[in-house]
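Scroll down for the structure; my scribbles are underneath it.
Residue numbers start at 1 and run along the sequence shown.
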Amino acid sequence: MATIPAPRVLVIGLDPYRVPGPWDPEPAARAIEAGLATFAEHGVGVETCLIGIDESDDVEAAVGSALRARPWECVTVGGGLRHSDDQVELLELVIHLIRRHAPAAAIAFNSSPDTTYEAAAPWIE
């Protein structure tokens, strides 16, 4: 039985099921899962903190809690937070929370869910 390594990377991104539509969240959710599977293939533990922009989350509390859960080598911020001008304030909040609660962690940015491991790899290897 394979053991799962302790998480070293936290991925903060948008929960595709809690982004107002109309749109189909399934392809985005599958892409996130596929991107996370790459960490397991490389023996690197990863956790996610997926937040909603449908006002169902206290973003500061959810992200702060995830950041304080353990020491992180790298925190990767998903493209959904960066690729929309509508999310600038949310992106700023997330970056400030990372600086406050995980100051020793590297910060990485993926370009899509399938590049999440590649974004974090230079900071953890």
Side-chain angles (χ1 to χ4, degrees):
M1 180 166 85
T3 60
I4 298 172
R8 299 166 49 196
V9 177
L10 176 65
V11 177
I12 300 173
L14 297 180
D15 181 338
Y17 295 101
R18 295 185 294 142
V19 173
W23 76 299
D24 181 6
E26 286 297 320
R30 283 193 302 272
I32 291 168
E33 287 301 316
L36 295 175
T38 307
F39 285 87
E41 293 167 11
H42 290 275
V44 176
V46 64
E47 284 186 12
T48 61
C49 176
L50 299 180
I51 54 177
I53 57 172
D54 58 1
E55 300 183 13
S56 64
D57 276 330
D58 177 338
V59 173
E60 189 164 356
V63 172
S65 178
L67 289 164
R68 289 187 305 271
R70 67 182 79 253
W72 300 104
E73 290 178 48
C74 181
V75 178
T76 302
V77 179
L81 289 169
R82 296 185 332 278
H83 294 165
S84 170
D85 290 342
D86 295 340
Q87 302 307 326
V88 170
E89 289 179 13
L90 179 59
L91 174 61
E92 288 177 348
L93 173 62
V94 168
I95 297 300
H96 287 292
L97 289 168
I98 295 168
R99 289 184 59 219
R100 183 181 318 145
H101 298 296
I107 301 173
F109 301 97
N110 66 1
S111 57
S112 64
D114 60 338
T115 64
T116 304
Y117 176 78
E118 289 78 7
W123 306 107
I124 59 174
E125 296 184 312

Nearest 0.5 Å please: distance from the NE2 atom of His83 over to the OG atom of Ser111. 7.0 Å
For residues Ile51 and Leu14, determine if any side-chain heavy atom of one lies less than 4.5 Å from a side-chain heavy atom of the other. yes
Single-linkage hydrophobic cluster Trp72~Val11, side-chain heavy atoms < 4.5 angstrom: no
Contact between Pro16 and Trp23 at the side-chain level, heavy atoms closer than 4.5 Å - yes or no? yes
Distance in Å, Asp114 CG paired with Ile32 CD1, rounded so as to fall on 0.5 Å steps: 11.0 Å
To the nearest 0.5 Å, what is the distance between CG (Leu91) and NE2 (His96)? 9.0 Å
Identify the heavy atoms of Asn110 and Gly79 that sit nearest to each other, and give their distance. OD1-N, 3.0 Å
Can you tell me how far the CZ atom of Arg68 sits from the CG atom of Leu97, to the nearest 0.5 Å? 8.5 Å
Do side-chain atoms of Arg100 reach the backbone of Gly64 as a donor and acceptor pair under 3.5 angstrom? no
Minimum-distance pair of heavy atoms, taken over all atoms of Arg18 and Ser56: NH1-OG, 2.9 Å
Which heavy atom of Ala120 sits nearest to which heavy atom of Thr76, and what is that distance? CB-OG1, 3.7 Å
Would you name the heavy atoms of Ile124 and Tyr117 that are closest together and state the gap between them? CD1-CE1, 4.4 Å
Look only at the side chain of Ser65 and the backbone of Ala62, and say whether a donor-acceptor pair between them is shorter than 3.5 Å. no
Could you report the tightest heavy-atom contact between Leu67 and Ala102, atom names first, then the distance? CD2-CB, 4.1 Å
Taking all non-hydrogen atoms of both residues, which atom of Ala119 and which atom of Ala108 are closest, and how far apart? O-CB, 3.4 Å
Identify whether Val94 and Ile53 are in the same connected component of the hydrophobic contact network (ILVMFWY, side-chain heavy atoms under 4.5 Å). yes
For Arg99, is the CZ atom crowded, meaning more than 12 foreign heavy atoms sit under 6.0 Å from it? no
Can you get from Val44 to Phe109 by hopping between Ile, Leu, Val, Met, Phe, Trp and Tyr side chains that sit under 4.5 Å apart? no
Report yes if the side chains of Val77 and Ile98 come closer than 4.5 Å at any heavy-atom pair, otherwise no. yes
Would you say CD of Glu26 has more than 12 non-hydrogen atoms from neighbouring residues, nucleotides or ligands within 6.0 angstrom? yes
CZ-CH2 distance between Arg8 and Trp123, expressed to the nearest 0.5 angstrom: 14.5 Å
Pro25 versus Val19: any side-chain heavy-atom pair under 4.5 Å? no
Is a donor on one side and an acceptor on the other found under 3.5 Å between the side chain of Asp57 and the backbone of Val59? no
